[in-house]
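These notes concern the structure reproduced below.
Bear in mind that the values here come from a model prediction, so they are computed numbers and not experimental data.
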Amino acid sequence: MLCCPLSTWSWHCEVIEIGFFKRHTLWLLTAALVLLVLVAATIGSIYISPLQVLGILVHRLSELPAPMVADWPESYETIILSIRLPRVVLALVVGAALALAGAIFQGLFKNPMADPHIIGASAGAGLGAAMAITMGLSINWKGLGAVPLLASIGALLAVILVYRLARSGGVVPIPNLLLAGLALNSLLSALISLLIYFGQDQMHTIVFWLMGGLSGRYWNYVFYTLPYLLIGVGAAVYYARDLNLMLLGEETAHNLGVEVEKVKAVLLLVASVLTGAAVAASGMIGFVGLIVPHVARILVGPDHRRLVPVSVLSGAILLLGADILARTVLAPVELPLGVVTALFGAPFFIMLLRRTGGHFTEAGD
Amino acid sequence: MVRDLTCGYAVPVLEDLNFQIEQGALVGIIGPNASGKTTLLKTLCGLLKPRSGQVLLDGRVVHNLKPAVRSRRVAVVGQGVRIAFAFSVAEVVMMGRHPYIPRMGSPSARDREKVEWAMEVTGILHLAQRPVSNLSGGEQQRVFIARALAQEPELLLLDEPTSFLDIGHQVEILDLVKQLNRRQQIAVVMAIHDLNLAAQYCDRLLLVHENRVFAWGRVDEVITRDNIRKVYGQPILIERHPVYRCPQVVLLSRLSHVSDRTRQVHVVGGGGMGSDILLNLVHRGYRVSTGVLNRGDSDWQTAQDLGLEIVDVPPFSPVSPESCRKNLEMMVRSDAVILAGIPFGPDNLPNLQTLLAAVEQGIPVIVVEEEPIEARDFTGGAAAGLYRKLVGSSPAVLREPEEIVQALENIGKRGSANG
């Protein structure tokens with residue numbers, strides 16, 4: 001899947017003199033990701049050292065004889081593999097999904113303020129998921145993926161609505177997008193409140209889930225969410241070059257041979273589904289989709305063949321990092337993950353709004 | 001080739017278009033703002049679906065071509081597009097190879113070659129690694145043209161390639177376009193609102209106005225005083241470009257300096273002595289006729305360019321009795337007649353007799369005398385005699401042609417006081 005971005009990458013490296021970091025971004029990010037996973041797995045009521053975590057992982061996942069003596073109690077394996085690892089992996093998957101959704105929305109709307117949370121996609125997904133929950137279709141083996149499905153549909157409808165409202169003369173100006181997102185967010189949160197009000201039985205579940213968090217999520221959540229991410233990454237890599245051309249305007253893209261309407265439809269669907277799956281798994285977690293593509297653009301430039309893989313990895317890292325913070329800052333009390341990302345994300349958003357006035361120009365220079 | 005084309009959005013913008021663009025032609029689309037130039041270009045490149053009719057490229061309907069096939073043959077440089085992203089010049093030009101690079105594939109050696117060639121031809125090779133967002137408007141325009149070239153098109157469509165550029169960059173871009181058109185044999189169709197640049201650079205022009213093609217043909221056939229005046233509602237003069245001989249449009253103020261009484265003026269000139277007077281009077285808004293002149297005479301040429309009514313005779317032939325009669329008719333219809341400071345020979349002597357006949361009918365004749373008549377008389381005294389008689393009954397004898405307008409004003413005032 002990654003062979004294409006890597007092979008074109010090398011050409012860019014030849015033509016454009018870029019530094020060591022840009023050249024090796026993917027490897028550096030992967031290394032960071034692995035380290036962070038090891039660190040995250042040590043955190044909890046019992047301290048398990050990173051080496052032990054590594055040992056357990058290698059021992060169990062590869063079915064090979066452990067490279068080191070298994071000097072840990074049996075229960076450690078259960079803790080790591082059944083409790084901590086699913087949460088860690090889910091954080092990676094949700095972070096990657098939100099970041100990728102953000103990158104796709106920003107590219108399609110040619111607008112750096114597009115983020116699943118801001119444009120109302122998350123709220124749409126939230127409404128869909130809340131409906132699924134009040135109707136009793138919870139995430140379990142019986143209700144197989146009903147929540148992510150309704151959440152995706154909700155996100156898609158919200159995105160289509162915002163796009164229609166905000167579009168003027170073939171572009172989506174920032175003020176329009178923010179205002180349409182604001183209006184839609186108000187409407188959707190009112191509807192969610194209404195659901196909570198009438199769905200007394202599930203009130204606690206919905207409210208807790210809306211705040212966003214990964215506690216008590218096991219492997220089944222990962223299994224529901226991961227396929228959406230893989231499909232999303234596949235589509236984004238497949239259409240990365242088209243997305244680049246779309247940045248130059250839909251008409252230019254058309255003239256260069258891009259099937260604009262088809263690409264737009266597919267990618268809007270994909271980004272909405274990514275949002276829906278992420279929201280269904282972890283509730284409303286904002287700003288990941290805003291921050292990550294921005295930072296990625298500064299790291300590797302606006303080319304989506306590099307931007308997409310870098311955003312996916314960075315999103316995974318960012319959300320896992322935020323989850324570590326949520327679990328450790330006030331330990332043993334755990335902060336809602338959505339609160340942590342908002343505490344960092346909102347100032348970033350304001351800074352971005354002040355600095356760029358809403359253009360891509362400053363990213364990547 | 002465009003057949004019975006009607007294009008537009010919810011309502012038709014242009015109707016019943018029929019024209020054909022030859023391989024390697026350089027065609028300009030001109031017309032007032034909002035006359036549908038951009039809409040036509042968008043329809044030509046297959047972006048807008050025709051409401052009816054067809055755009056054919058070698059007999060194939062453009063709108064039905066596969067996107068990748070179409071964009072290998074037709075390239076577009078849009079209007080006022082600015083890239084705000086940190087893509088490098090080389091990256092943007094490489095985007096022109098999009099229809100050639102297989103999905104998930106990477107650029108081949110040929111793709112890189114073409115990109116380098118396109119950058120070299122457009123003179124931006126030295127900018128290859130610069131971010132496009134940092135370039136000036138003229139440089140960005142070159143990048144877009146290079147990207148279009150990388151598509152290796154047969155047809156290049158440009159929408160106002162010179163808008164927002166200063167004159168130096170305008171000429172630079174149009175020179176480049178012309179060079180590409182000639183050397184690479186790429187047919188070019190460009191919407192351009194500057195009529196003089198259009199006349200200077202294009203082979204053929206399409207003038208669109210009020211939902212239809214107002215004129216289509218060679219530059220000389222399209223840039224005429226009547227066409228431009230009708231389409232733009234603006235009084236103009238057509239002059240010749242001193243070097244390229246193409247028509248050039250000179251704008252006139254719409255504020256009229258003419259008094260109500262004196263409107264129609266007839267000028268007797270010849271040998272270039274009358275040209276300045278003709279231009280000046282037309283500029284001031286008078287309705288001007290002239291004669292009798294030999295065809296091909298420089299005054300005759302000026303009057304022709306200005307679209308004036310002329311009484312003429314064949315080159316190097318004497319003024320005929322028939323033309324004298326016509327000339328007198330015109331003088332009598334006029335509010336005043338002006339005699340330029342021309343020399344007289346046997347061939348144009350009858351003009352003096354016609355002038356005296358006009359005076360007898362009560363038409364004021366203004367005489368411009370820059371040199372005494374003796375120096376201009378090549379008839380052995382016959383002209384001088386008639387001339388003195390004419391001067392005797394003239395309301396004004398002027399030393400400088402610049403005084404004509406004032407003299408005409410005076411005649412106008414006197415006329416209104418009497419009548």
Can you tell me how far the [atom1] atom of [X] sits from the [atom2] atom of [Y], to the nearest 0.5 Å?
X	Y	atom1	atom2	result
A/Leu256	B/Gln151	CG	CD	4.5 Å
A/Thr252	B/Phe144	OG1	CZ	7.5 Å
B/Glu91	A/Asn244	CD	CG	8.0 Å

Check this for me: [X], atom [atom1], are more than 12 non-hydrogen atoms of other residues, nucleotides or ligands nearer than 6.0 Å?
X	atom1	result
B/Gln185	CD	yes
B/Gln184	CD	yes
A/Phe344	CZ	no

Partner of A/Asn255 under side chain to side chain contact (heavy atoms under 4.5 Å, CB included), chosen from B/Leu157, B/Val76, B/Val77:
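Of the listed options, the one satisfying the test is B/Val76.
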Please report the closest heavy-atom contact between A/Tyr239 and B/Arg103, naming both atoms and the distance.
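Where A/Tyr239 meets B/Arg103 most closely, the heavy atoms are CD2-NH1, 3.6 Å.
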Under 3.5 Å donor-acceptor, A/Glu251 side chain and B/Lys42 backbone:
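No: the side chain of A/Glu251 does not pair with the backbone of B/Lys42.
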For B/Glu22, which residues count as a salt bridge (Lys or Arg N to Asp or Glu O under 4.0 Å) partner, sequence neighbours excluded?
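If we apply the salt bridge (Lys or Arg N to Asp or Glu O under 4.0 Å) test to B/Glu22, skipping adjacent residues, there are no hits.
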A/Leu248 vs B/Arg147, test: side-chain contact (heavy atoms from CB on, under 4.5 Å). Steps then yes/no.
CA-CA 12 Å; A/Leu248 308 190; B/Arg147 190 190 62 204; 3.4 Å; yes
Throw together a table of side-chain donor-acceptor distances under 3.5 angstrom for residues 66-75 of chain B, partners on residues two or more places apart or in other chains.
from	atom 1	to	atom 2	distance (Å)
B/Arg70	NH1	A/His254	NE2	3.3
B/Arg70	NH2	A/His254	O	2.5
B/Ser71	OG	A/Gly257	N	3.4
B/Ser71	OG	B/Pro67	O	2.8
B/Ser71	OG	B/Ala68	O	3.4
B/Arg72	NE	B/Pro99	O	3.2
B/Arg72	NH2	B/Pro99	O	3.0
B/Arg73	NE	B/Glu154	OE2	2.7
B/Arg73	NH2	B/Asp58	OD2	2.7
B/Arg73	NH2	B/Glu154	OE1	3.1
B/Arg73	NH2	B/Glu154	OE2	3.3

Region of B/Ile101 that comes under 4.5 Å of a non-hydrogen atom in chain A:
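Looking at B/Ile101, backbone and side chain both touch chain A.
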